[in-house]
Amino acid sequence: MNVLGLETSCDETSAAVVRDGATILSNRISSQIELHKPYGGVVPELASRNHLQLIETIVADAVQQAGLGFAEIDAVAATYGPGLASSLLIGLHAGKGLALSLGKPFVAINHMEAHLYSPLLSSAGVPFPLVALIVSGGHTILAHSTGIGRHEILGQTVDDAAGEAFDKVAKLLGLSYPGGPEIDRLAQQGNPAAIAFPRSMLDDHSHNFSFSGLKTAVMYYLRKNDAYRLEDVCASFQEAVVDVLVGKTVRAAEERRVQTVAMAGGVSINRRLREKLGAAGRPRGWRLLLAAPDLCADNAAMIAALAYHKLRSSAPTDWAVDVAPSVGLV
Ligand code: KG4
Ligand code: ZN
């Protein structure tokens with residue numbers, strides 16, 4: 001079954017064709033990073049206008065790159081939430097319109113569940129049960145998953161998301177948007193033990209996260225210290241985020257007695273995070289599932305792949321489905 005997926009929840013316009021939930025035939029992604037860079041963050045009005053301009057071409061490219069015609073598309077899927085309302089509307093309605101005109105079923109997909117599914121896309125066999133860490137610009141979620149659509153949220157951030165913390169600290173340091181890749185790059189030349197930034201909530205017994213105190217700690221450090229090594233601040237900040245993410249994931253996996261751990265979302269590209277999660281998993285014998293870099297950030301392949309599994313287990317989505325900007329993972 002060839003599923004055409006659409007993703008426009010934030011600042012990426014993406015369309016992809018995935019066969020049988022596993023073989024990516026195309027995954028066309030147009031990033032708006034340059035458009036939003038001057039503003040230091042995503043401007044919703046600009047984002048939706050850009051999606052509207054691009055969606056038709058991106059969809060046509062995705063179908064063509066898959067080596068197919070529209071007649072060979074068996075179902076259409078699009079993200080309905082969470083995300084920016086005006087951006088979600090573009091993809092959701094384009095997807096519904098396409099499905100209607102092709103006479104094919106339509107599936108509305110939860111963006112966070114698709115992120116969770118992205119590292120599973122290329123894994124052989126069914127890897128459930130597992131603990132998943134989803135770390136993106138808008139979310140930080142630890143979940144226990146026992147199947148497609150069967151997720152329990154163990155914890156999430158009580159304030160800033162991990163990616164948001166990277167972006168805000170990068171801004172304090174005068175680095176460009178998005179801050180995660182910049183900090184990741186500079187941290188490679190820095191000393192992660194140079195500054196002892198707080199590991200908020202690491203030792204409490206919840207699975208929740210808090211990153212706004214860490215951001216404030218960096219702000220005070222910069223105010224008090226005229227001369228600092230940028231690379232050391234980046235490495236020390238990153239280390240604090242990574243220690244909390246890894247520490248909490250280890251505790252959740254041990255508590256739930258799972259042997260499979262998956263990590264997804266834009267922040268999961270982070271080199272230090274991959275390194276330390278890998279090091280934590282090795283002695284415990286985990287099967288660690290990580291998505292390829294182009295599947296970590298927002299993309300439509302994860303939408304199309306998940307839609308295939310949804311269609312196998314449930315009916316297509318009702319045409320009346322609307323965007324849900326604040327919907328959670330469950
Ligand atoms: O999943 P994503 O592409 O979009 C959302 O759904 O939010 O995540 C974007 C976030 C941004 O905050 C960005 O700074 C962060 O992922 N990010 C990184 C890295 N690459 C992207 N954070 C840390 N290290 C990276 N290498
Ligand atoms: Zn995302």
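Since the model is a prediction, treat every value here as computed from it, not as a measurement. Whatever order the structure lists ligands and atoms in, that order sets their numbers, starting from 1.
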The Zn ion (ligand 2) to nearest N/O/S of His111 less than 2.8 Å: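 True for His111.
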
Quick check: does Cys10 have an N/O/S atom under 2.8 Å of the Zn ion (ligand 2)?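 Checking the Zn ion (ligand 2) against Cys10, no N, O or S atom falls under 2.8 Å.
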
Please state which protein non-hydrogen atom is closest to [atom] and give its distance, to 0.1 Å?
atom: atom 9 (C) of ligand 1; answer: Gly137 N, 3.7 Å
atom: atom 21 (C) of ligand 1; answer: Gly266 O, 3.5 Å
atom: atom 15 (C) of ligand 1; answer: Val267 CG2, 3.9 Å
atom: atom 13 (C) of ligand 1; answer: Asp167 OD1, 3.8 Å
atom: atom 22 (N) of ligand 1; answer: Gly180 CA, 3.3 Å
atom: atom 26 (N) of ligand 1; answer: Asp184 OD2, 2.8 Å
atom: atom 24 (N) of ligand 1; answer: Asn270 ND2, 3.0 Å

So is [X] polar-close to ligand 1, meaning N/O to N/O under 3.5 Å?
X: Ile269; answer: no
X: Asp298; answer: yes
X: Pro178; answer: no

Assess whether ring pair (Phe, Tyr, Trp, His ring centres under 6.0 Å) is satisfied between Tyr177 and Tyr39, documenting all intermediate values. CA-CA 9 Å; Tyr177 171 85; Tyr39 306 95; over 10 Å; no

Please determine if [X] and [Y] form a salt bridge, counting it only when a charged side-chain N lies under 4.0 Å from a carboxylate O.
X: Arg185; Y: Glu231; answer: no
X: Arg49; Y: Glu45; answer: yes
X: Glu113; Y: Lys310; answer: yes
X: Lys168; Y: Glu164; answer: yes
X: Glu254; Y: Arg251; answer: no

Write the atom name of the N, O or S atom in Asp298 that is nearest the Zn ion (ligand 2).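 Output for this pair reads OD1.
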
Do other residues, nucleotides or ligands put more than 12 heavy atoms under 6.0 Å from the NZ atom of Lys171?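 Not buried by this count: 12 neighbours or fewer within 6.0 Å.
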
